[in-house]
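These notes are about the structure you will find just below.
Bear in mind the structure is a predicted one, so any value in this text is a computation, not a measurement.
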Amino acid sequence: MKTFFYTLISICILASCTSSSPKDEKSLEERISRIENGLELNLQIYKNDSVQVRTYTIEERMKHFGIAGVSVAVMRNGEVEWAKGYGMADSITNRKVTTETLFQAGSISKPVAATRALQLVEDGMMDLDTDVNTYLTSWKLPDNEFTETEKVTTRRILDHSSGLTVWGFPGYTRGDTVPSVPEILDGKGNTDSVRVYKKPGESWRYSGGGYTIMQLMITDLDQKGFPEIMQEHVLNPLGMHSSTYINPLPEKYHSLAATGYHSDGREVEGKWNIYPEMAAAGLWTTPSQLVKWANEMQYISQTQTDGLLKKETVNEMFTLSTQDYGLGITVGDHTFGHGGADEGFRASLIGWKEHPISVAIMVNSNNGTIMREIMLSITKEYDLPGIEPRTRIIRKQSREQLERFEGTYNFPEYGDSHIRVKNNELEFTGGVFTNPIFLLPETDSIFFNKNSGTYYEFQFANDTITGVQFSTLKGKRIK
């Protein structure tokens with residue numbers, strides 16, 4: 001009955017919005033044109049206290065970053081106000097991106113999957129604060145010294161305070177032998193085993209491994225395959241009919257699926273990877289369908305009306321718990337959402353807490369920088385709060401001053417990273433850094449990543465540099 005009710009409302013909304021005047025259509029076209037031609041750099045670096053802001057077109061930035069395809073959707077007042085595809089879904093076959101092109105959503109799979117877990121909580125089939133082993137029947141999470149007084153719970157999985165290992169998954173090439181979920185959790189796939197490595201509830205650390213345990217909990221409780229469960233209870237009720245969690249992707253979807261590309265433009269082997277860790281990384285969808293999920297959560301929160309989830313549940317989702325997370329989503333002062341990264345794909349989903357607008361952007365590239373630039377252009381056009389470009393100021397230091405920072409820095413859990421001076425910048429490599437990053441000085445002790453703007457603050461003892469901190473990570477200088 002609930003599904004029919006929401007479907008009926010959606011039909012009524014769409015019917016009331018199908019007739020628009022030529023003036024309205026022209027106004028929307030002009031708005032889209034301003035967005036497409038008004039991209040600004042996310043990082044604006046001031047030299048000598050001034051900065052010159054240039055604007056670019058989406059096509060210019062796609063070419064600059066070597067991105068094959070981009071897909072965008074903006075939902076407003078319960079309907080997709082506009083959606084467009086840019087570039088190529090597959091460069092070899094000359095297949096263009098359309099609004100129906102399917103992309104891998106990466107970690108945006110998590111909040112959508114969390115919806116089913118929260119439904120099970122509402123139905124009394126599990127509790128947010130009970131040991132997950134209570135609900136796991138096909139596999140158990142081993143206890144150890146860290147679980148003696150505190151347990152891994154669904155709440156702690158959802159907000160990443162579970163103390164579990166394995167932050168993400170590389171996926172499997174098509175044709176590989178794909179392990180079962182219990183095998184993945186026991187380290188028999190291409191990642192380490194998922195285990196408790198610190199006291200649950202003690203602190204935040206992102207864990208896709210936790211969401212894979214949640215996936216198994218859901219299938220153990222529902223006694224069905226995970227894609228079938230998600231289609232029945234979440235995707236179809238939201239009208240996300242062409243979205244799927246099935247991995248490997250069935251043949252019938254291949255003509256709609258974008259090919260993934262590495263940052264250097266190379267095609268991902270087999271065109272895309274397989275993710276049996278479906279709750280963490282396995283969703284195939286489009287921006288026009290992703291915004292339906294965001295709109296539902298947004299509508300429930302803003303109207304305090306029950307929907308796919310109860311209003312009390314969504315209120316708890318939107319409550320900041322650890323780091324920047326609520327239950328399954330990132331939560332800001334004005335926004336909520338999630339990002340995603342699978343091999344060859346990047347995605348971003350943002351909804352506004354005080355405004356009936358949500359935006360989804362997906363690209364078939366490992367370089368997702370353009371998504372932030374498009375999001376900035378959209379938020380500027382719609383006059384939305386909470387997303388601003390980063391501004392940084394270069395305060396030049398001599399080579400002698402920069403050489404003070406050279407050395408080796410140890411990051412617990414990640415190993416040793418190294419700093420050396422290169423081209424009047426600090427090059428940081430190894431350990432926590434998959435690829436080298438370069439730092440520019442803003443003050444004597446504070447530097448910033450020249451590409452992302454992330455701040456790095458160095459600690460001193462007298463005149464000796466003892467360590468560095470950025471985001472939530474601290475590195476101790478060891479030599």
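Checked against side-chain hydrogen bond (donor to acceptor under 3.5 Å, both in side chains), E150 has the following partners two or more places apart in sequence or in another chain: R156. Legend: residues meeting salt bridge (charged side-chain N to carboxylate O under 4.0 Å, His left out) with E40, ordered by chain and number and at least two apart, are K380. Every residue two or more places apart in sequence or in another chain was checked for a salt bridge (charged side-chain N to carboxylate O under 4.0 Å, His left out) with D463, and none qualifies. Remark: D176 engages no residue in a side-chain hydrogen bond (donor to acceptor under 3.5 Å, both in side chains) (not counting sequence neighbours). For S263, there are no side-chain hydrogen bond (donor to acceptor under 3.5 Å, both in side chains) partners, not counting sequence neighbours.
Taking a 6.0 Å sphere around NZ of K271, one finds it holds more than 12 heavy atoms contributed by other residues, nucleotides or ligands.
Sequence neighbours left out, the pairs with a member in residues 324-333 that pass side chain to side chain donor-acceptor pair (under 3.5 Å) are Y325-H338. Listed by first and then second residue, the ring pair (Phe, Tyr, Trp, His ring centres under 6.0 Å) pairs that reach into residues 377-397 come to none, sequence neighbours excluded. For residues 468-479, no pair satisfies side chain to side chain donor-acceptor pair (under 3.5 Å), with sequence neighbours left out. Contacts classified as side chain to side chain donor-acceptor pair (under 3.5 Å) and involving residues 138-147 (residues at least two apart or in different chains) are given here: S138-D220, W139-D186, D143-T147, D143-K151.
For the pair P287/S71, a side-chain contact is recorded, criterion being any heavy-atom separation below 4.5 Å from C-beta on.
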Could you go through residues 407-414 and list every donor-acceptor pair under 3.5 Å that involves a side-chain atom there, pairing it with any protein atom two or more places apart or in another chain?
unit_1, atom_1, unit_2, atom_2, d
T408, OG1, H418, ND1, 3.0
Y409, OH, F405, O, 2.8
N410, ND2, D416, OD1, 2.7
E413, OE1, Y197, OH, 3.4

Extract all donor-acceptor atom pairs below 3.5 Å that involve side chains of residues 352-359 and protein atoms in other chains or at least two apart in sequence.
unit_1, atom_1, unit_2, atom_2, d
W352, NE1, P385, O, 2.7
K353, NZ, G332, O, 2.6
E354, OE2, H334, ND1, 3.4

Side chains of residues 453-461: which donor-acceptor partners sit under 3.5 Å, not counting sequence neighbours?
unit_1, atom_1, unit_2, atom_2, d
T454, OG1, R390, NH1, 3.4
T454, OG1, S452, OG, 3.0
Y455, OH, E442, OE1, 3.4
Y455, OH, E442, OE2, 2.6
Q459, OE1, V468, N, 3.2
Q459, NE2, E457, O, 3.1

